[in-house]
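Single-structure report; data block below.
Atoms within each ligand, like the ligands themselves, are counted from 1 in listed order.
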Amino acid sequence: MTGDDSLAVAYAAIQRRVSEAATRAGRDPATVSVMAVTKTRGRATVDAALRLGITSLGENRVQEARDKFGGDPVPDGVVLSLIGSLQTNKAKQAVALFDLIESVDRVSLVEALARAAADRTSPLPVLIQVNVAAEAQKAGCAVEDAGRLALAVAATKVLLPVGVMTIAPLVEDADDVRPVFRTLRQLRDTVRESVPTLEALSMGMSNDLDVAIEEGATAVRVGRALFGDRG
Ligand SMILES: *Cc1c(COP(=O)(O)O)cnc(C)c1O
């Protein structure tokens, strides 16, 4: 098979997983978007994904994304998201490059992004990243800080809090992280009472997207199941 063919096969398998998980949960599969996580993948691979009709791309490093997309932006209608942790000194570059930032996890970053986005004509959508499982090495705010952060984002006016994101712990049996996804959904529901624009639930990756969708994910972020293992 050519690279394009094997990518098409992998994407079809993911679409089937999305559809089956949504059906099990009594949800419409169309309410779940699939982000292709293109970190470490070259531009040719990205373009092959776009040819399949994928319209959401995720990168975890500003510099890598600049190298890949700076001189050759994604086509209109494709959303490029930052899903990796962001240093405040890169906020300006991130705002210039990305359509959505999923990794907002502290007030200092909200302030830096707001300064960088000050002259935008429309607010920049962001997600609050939550470290639901409170893993020591992981980015993301504490569950109890998410509401305060979402309000801080909303108060900037130039950033728009549109959802929450989490990275679940790596486990053997994806069912073990179901409580993590459930907690994020409940958190979203609670915070939405004071921040009504908070809709998106970005949760679930190659290993655990099925469980995440059963628990309400509106976006899953898929790398290895689409493109193969990272070198
Ligand atoms: C790499 C990455 C993914 C994709 O992980 P896979 O296991 O390759 O599907 C999703 N989300 C984030 C934040 C990542 O860094």
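- Considering K68, R43, K39 as possible partners of E59, the one that fulfils the salt bridge (Lys or Arg N to Asp or Glu O under 4.0 Å) test is K68.
- Tracing side-chain contacts under 4.5 Å through hydrophobic residues (I, L, V, M, F, W, Y), one never reaches L198 starting from I83; they form parts of separate clusters.
- Enclosure of atom CZ in R61 is not indicated, since only 12 or fewer non-hydrogen atoms of other residues, nucleotides or ligands lie within 6.0 angstrom.
- Closest to atom 2 (C) of ligand 1 by heavy atom, among R221, K39, K138, is K39.
- Around atom 5 (O) of ligand 1, the closest heavy atom drawn from M205, Q129, R224 belongs to M205.
- Set against the non-hydrogen atoms of I167, the atoms of ligand 1 under 4.0 Å away are 13 (C).
- No more than 12 heavy atoms of other residues, nucleotides or ligands lie within 6.0 Å of NZ in K92, so this atom counts as exposed by the packing criterion.
- Neither the backbone nor the side chain of N207 has a heavy atom within less than 4.0 Å of ligand 1.
- Using a 4.5 Å heavy-atom cutoff, the side chains of L201 and V164 are in contact.
- At the shortest separation from atom 9 (O) of ligand 1 among protein heavy atoms lies S206 OG, 2.5 Å.
- Ligand 1 is approached by R230 to a heavy-atom distance shorter than 4.0 Å.
- When hydrogens are left out, the protein atom nearest atom 12 (C) of ligand 1 is I83 CD1, 3.5 Å; that is the closest non-hydrogen contact.
- Applying the 4.0 Å criterion to heavy atoms of G223 picks out, from ligand 1, the atoms 4 (C), 6 (P), 8 (O), 9 (O).
- Side-chain contact between D47 and L50 is present, with heavy atoms from C-beta onward closer than 4.5 Å.
- Close contacts of ligand 1 with V222, meaning ligand atoms under 4.0 Å from a residue heavy atom, involve 9 (O).
- Other residues, nucleotides and ligands contribute only 12 or fewer heavy atoms inside 6.0 Å of the CG atom of L170.
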